[in-house]
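Note sheet for the following structure.
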Amino acid sequence: PATEQGIGHVALTSSGAVVVAGQFSGQADFDPGPEVDLRTSAGSDDVFVMAFAASGERLWARTFGGASYDDVRTVASGPGATVQVAGAFYGPADFDPGTAQDVRDTHGLYDAYVVRLSDTGDYLGASTWGAPDTVPPSKSMVSGLATTVAADGRVFVAGMFQGQIDFDPGSGEDVRSSATLDSYDAFVIEFVANGQASAWWTFGSDGLDGAYAIAVHGSRVVVAGGFGGSIELLPKPLPGGLSTTPAGKQDAFVVHW
């Protein structure tokens, strides 16, 4: 009776299963067959991930979230029988869809996450990143908008951020700032197969910038998105030299390194 949506978030696993990710609020039946699998969101919007066999038969469904708003923007599958979903969340959220809990809290207005599932829906872990504790939460937000899995199992998440964000999800700290506190910049973050962040890149202008699609082949990373101001398109920490200005309000870019 409430809202469910899975818009553009679909992937194929190596076994041929179809994985769909989306959001729902209220109570929803996640079994499209004659059986009933009722789930209730913990807040305004929670995340769901469902897998279907090639025949259309439902294989499994998983849901997770918290008392506030959680979204999903992308899903990908790759080697190692894993499924990756990424997006943004607000407030404490439990990322373990099973009986155990893995609760993470936000440090900014919105923090980003990536959740790792097996191709049978088992929870493998999550990574989250957002503003450092020294920054007022209302001044910073970050969201994962696209993800892909490399042949060697590395996971890449691309997206956009505003304000100051600590892009090291581990015990270290690497705070990057958008060009202005009111502008949005683009980012790419790389995780090795065990979920540890290994590298990250940021770039942007004083306008609206974001990375909306990503692909990886070997050591090559290709990112596409949009930019709204004079921008240095070679991501930090790479050396500069690719400055450009949009012809209109917002132009498209494709960057690879």
request  = Report whether Y123 and F89 are members of the same hydrophobic cluster (ILVMFWY, side-chain heavy atoms less than 4.5 Å apart, transitive linking).
outcome  = yes
query = If we only count heavy atoms from C-beta on, is the V47 to F24 side-chain gap below 4.5 Å?
reply = no
query = Any sub-3.5 Å donor-acceptor pair from S140's side-chain atoms to Q164's backbone N or O?
reply = yes
ask   = Is there side-chain contact between V142 and I165, with heavy atoms separated by less than 4.5 Å?
value = yes
inquiry  = For W200 and W129, I'd like to know if the aromatic rings sit close, meaning centre-to-centre distance below 6.0 Å.
reply    = no
message = Checking V75 against V83 for the side chain to side chain contact (heavy atoms under 4.5 Å, CB included) test, could you report, in this order, the C-alpha distance in whole Å, the side-chain angles of both residues, the deciding distance, and whether it holds?
response = CA-CA 7 Å; V75 59; V83 173; 3.8 Å; yes
message = In terms of relative ring orientation, are W257 and W201 parallel, tilted or perpendicular, with 30° and 60° separating the classes?
response = tilted
task = Mind telling me whether Y113 and F64 have parallel, tilted or perpendicular rings, with 30° and 60° as the class edges?
result = perpendicular
key: Heavy-atom pair of closest approach, residues G226 and Q250   = C-NE2, 3.8 Å
request  = Mind jotting down which residue pairs meet the salt bridge (charged side-chain N to carboxylate O under 4.0 Å, His left out) criterion with at least one end in residues 164-176? Sequence neighbours excluded, please.
outcome  = D174-R176
message = Which heavy atom of Q162 sits nearest to which heavy atom of S183, and what is that distance?
response = CG-O, 3.3 Å
query = So do the side chains of P169 and T128 get within less than 4.5 Å of each other, counting heavy atoms only?
reply = no
note = Taken in chain and number order and not counting sequence neighbours, the residues that satisfy salt bridge (Lys or Arg N to Asp or Glu O under 4.0 Å) with D71 are R73
message = Check whether T245 reaches the backbone of S230 with its side chain - one donor and one acceptor, N or O, closer than 3.5 Å.
response = no
note = Scanning both residues in full, the closest heavy-atom pair of A158 with V188 reads CB-CG2, 4.1 Å
message = Please report the interatomic distance OG(S243) to CG(L233), rounded to the nearest 0.5 Å.
response = 8.0 Å
query = Rounded to the nearest 0.5 Å, how far does OG of S205 lie from CD of E232?
reply = 11.5 Å
message = I'd like to know if the side chain of T63 reaches the main chain of V49, judged simply by a donor and an acceptor atom lying under 3.5 Å from each other, with no hydrogens or angles considered.
response = no
query = Can you name the closest pair of heavy atoms from P97 and L117 and give their distance?
reply = CG-CD2, 4.2 Å
request  = Determine which pairs satisfy side-chain hydrogen bond (donor to acceptor under 3.5 Å, both in side chains) with at least one residue from residues 83-93, sequence neighbours left out, and list them in order.
outcome  = T82-Q84
request  = Would you name the heavy atoms of F227 and D209 that are closest together and state the gap between them?
outcome  = CA-OD1, 3.1 Å
request  = May I ask whether M141 and L208 are part of the same hydrophobic cluster, defined by side-chain heavy atoms of I, L, V, M, F, W, Y residues being less than 4.5 angstrom apart, directly or through others?
outcome  = yes
remark   = Those residues at least two apart in sequence (or on a different chain) that pass salt bridge (Lys or Arg N to Asp or Glu O under 4.0 Å) with D152 are R154
task = Establish, from distance only, whether the side-chain atoms of T120 and D122 form a donor-acceptor pair under 3.5 Å.
result = yes
task = Apply salt bridge (Lys or Arg N to Asp or Glu O under 4.0 Å) to D102 and list each qualifying residue two or more places apart in sequence or on a separate chain.
result = R104
message = Closer than 3.5 angstrom, by distance alone: can the side chain of S178 be matched with the main-chain N or O of G163 as a donor-acceptor pair?
response = yes
key: side chain to side chain contact (heavy atoms under 4.5 Å, CB included) against L12, all qualifying residues, sequence neighbours excluded   = V18
request  = Report the relative orientation of the aromatic rings in F167 and F161; use parallel for angles under 30°, tilted for 30 to 60°, perpendicular for over 60°.
outcome  = perpendicular
key: OG on S44 to CG on D70, rounded to 0.5 Å   = 7.0 Å
message = With a 3.5 Å distance limit and no angle check, can you tell me whether T74 reaches the backbone of T147 through a side-chain donor-acceptor pair?
response = yes
task = Sorted by first residue and then second, give each side-chain hydrogen bond (donor to acceptor under 3.5 Å, both in side chains) pair with at least one member in residues 47-59; sequence neighbours left out.
result = D37-R58
query = Are side-chain heavy atoms of H107 and D133 found at a separation under 4.5 Å?
reply = yes
key: Derivation of the side chain to side chain contact (heavy atoms under 4.5 Å, CB included) call for V20 and V10   = CA-CA 5 Å; V20 179; V10 63; 4.2 Å; yes
key: Residue list, side chain to side chain contact (heavy atoms under 4.5 Å, CB included) with A224, at least two apart or on another chain   = A213, V254
inquiry  = Using the side chain to side chain contact (heavy atoms under 4.5 Å, CB included) criterion, which residues pair with H256? Sequence neighbours excluded.
reply    = R220, V222
task = Please list, chain by chain and in numerical order, all residues satisfying side chain to side chain contact (heavy atoms under 4.5 Å, CB included) with S198, sequence neighbours excluded.
result = E190, V192
request  = Sequence neighbours left out, what pairs pass side-chain hydrogen bond (donor to acceptor under 3.5 Å, both in side chains) with at least one residue falling in residues 11-21?
outcome  = T13-S15
remark   = G91 and D105 have their tightest heavy-atom pair at C-OD1, 3.5 Å
Distance, nearest 0.5 Å, that separates OG of S143 from CG of L109 = 11.5 Å
ask   = For the hydrophobic clusters of this structure (ILVMFWY residues joined by side-chain heavy atoms under 4.5 Å, transitively), does one cluster hold both V85 and V114?
value = no
query = Backbone N or O of G26 within a donor-acceptor pair of the S41 side chain at under 3.5 Å?
reply = yes
message = I need the F203 CZ to F187 CZ distance, nearest 0.5 Å.
response = 10.5 Å
task = Answer yes if V149 and L145 sit in the same cluster of Ile, Leu, Val, Met, Phe, Trp and Tyr residues linked by side chain heavy atoms under 4.5 Å apart, and no otherwise.
result = no
key: Hydrophobic cluster identity match, L234 and V223, side-chain contacts under 4.5 Å   = yes
query = What pairs meet the salt bridge (charged side-chain N to carboxylate O under 4.0 Å, His left out) rule with one or both residues in residues 81-95, with sequence neighbours excluded?
reply = none
message = To the nearest 0.5 Å, what is the distance between CD on Q23 and CG on D45?
response = 5.0 Å
query = For the rings on F48 and F30, is their centre-to-centre separation under 6.0 Å?
reply = yes
